[in-house]
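Heads up: the structure comes next, in structure tokens.
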Amino acid sequence: MDKIDRRILILLAQRQKISSQMGRVKQRGGIPFLQPLRKKVVLQSRTVWASQQGLPGWFVKPLFKLIMKYSLFVQKKAMKESLRGKKSK
């Protein structure tokens, strides 16, 4: 169980690194920070994937909402840092 939990945490950390990169890309490309349609699609697909693994949607949906909320926090932080970097150049 400990090994599985560690793998979950490693994967979450990797996800957040990608979220940070996405924030910088969004900032440079003028892409909107919030994308409600994308959020809806992600939640739906993760719920389907969970069901295929025998996990209930009532468990997975709030879990992914929380993961996505933190990812957006990380993206926003990266966007601000990228913007600050532009201003100092």
Side-chain angles (χ1 to χ4, degrees):
M1 192 68 74
D2 292 342
K3 287 181 182 180
I4 292 170
D5 289 347
R6 181 169 288 210
R7 283 179 38 206
I8 291 168
L9 293 171
I10 289 168
L11 291 171
L12 285 171
Q14 289 174 353
R15 189 182 201 286
Q16 298 322 311
K17 286 178 187 175
I18 293 169
S19 292
S20 183
Q21 293 169 356
M22 287 173 56
R24 289 189 293 275
V25 168
K26 284 181 177 182
Q27 196 281 321
R28 283 187 223 123
I31 300 167
F33 169 65
L34 292 175
Q35 298 179 357
L37 180 58
R38 172 70 181 150
K39 179 180 178 181
K40 183 178 179 180
V41 169
V42 168
L43 288 174
Q44 287 175 344
S45 65
R46 285 11 172 218
T47 302
V48 169
W49 295 351
S51 176
Q52 292 168 346
Q53 298 302 316
L55 296 169
W58 63 261
F59 168 70
V60 172
K61 198 169 187 176
L63 177 64
F64 268 91
K65 282 184 178 182
L66 185 60
I67 290 169
M68 290 168 57
K69 183 177 181 176
Y70 186 67
S71 292
L72 288 173
F73 169 80
V74 169
Q75 284 183 34
K76 193 172 188 178
K77 182 179 174 191
M79 290 171 86
K80 287 180 181 179
E81 289 171 358
S82 180
L83 188 58
R84 270 190 251 131
K86 275 187 172 181
K87 288 181 181 178
S88 65
K89 289 182 179 180

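Count residues from 1 along the sequence. Values reported hereafter were calculated over all heavy atoms of this structure, with side chains retained and with hydrogens, waters and symmetry mates removed.
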Hydrophobic cluster (4.5 angstrom, side-chain heavy atoms) - remaining members for I18: M22
Ignoring hydrogens, what is the shortest heavy-atom contact between R24 and A78? Give both atom names and the distance. CG-O, 3.9 Å
To the nearest 0.5 Å, tell me how far K26 NZ sits from M79 CE. 7.0 Å
So, do R38 and V42 sit near enough that their side-chain heavy atoms are less than 4.5 Å apart? yes
Taking only residues two or more places apart in sequence or in another chain, which ones pass side-chain contact (heavy atoms from CB on, under 4.5 Å) with T47? K61
Only counting residues at least two apart or in another chain, list the ones meeting side-chain contact (heavy atoms from CB on, under 4.5 Å) with V48. Q52
Calculate, to the nearest 0.5 Å, the distance between atoms NZ and OG belonging to K76 and S20 respectively. 15.0 Å
The reported gap from NZ in K77 to OG in S19 (rounded to nearest 0.5 angstrom) is 12.5 Å
Atom pairs and distances, side-chain donor-acceptor, residues 7-17, under 3.5 Å, sequence neighbours left out:
{"residue": "R15", "atom": "NH1", "partner": "S71", "partner atom": "OG", "Å": "2.6"}
{"residue": "Q16", "atom": "OE1", "partner": "S71", "partner atom": "OG", "Å": "3.2"}
{"residue": "Q16", "atom": "NE2", "partner": "S71", "partner atom": "OG", "Å": "3.3"}

From F64 atom CZ to F59 atom CZ, the distance as rounded to the nearest 0.5 Å: 9.5 Å
Those residues at least two apart in sequence (or on a different chain) that pass ring-ring contact (aromatic ring centres under 6.0 Å, His included) with F73 are Y70
Taking atom CG of L72 and atom NZ of K69, what is their separation to the nearest 0.5 Å? 10.0 Å
Between V25 and I31, what is the shortest heavy-atom contact and its length? O-CD1, 4.4 Å
side-chain contact (heavy atoms from CB on, under 4.5 Å) involving Q44 - partner list, sequence neighbours excluded: K40
Drop me the distance from M68's CE to L43's CG, to the nearest 0.5 angstrom. 4.5 Å
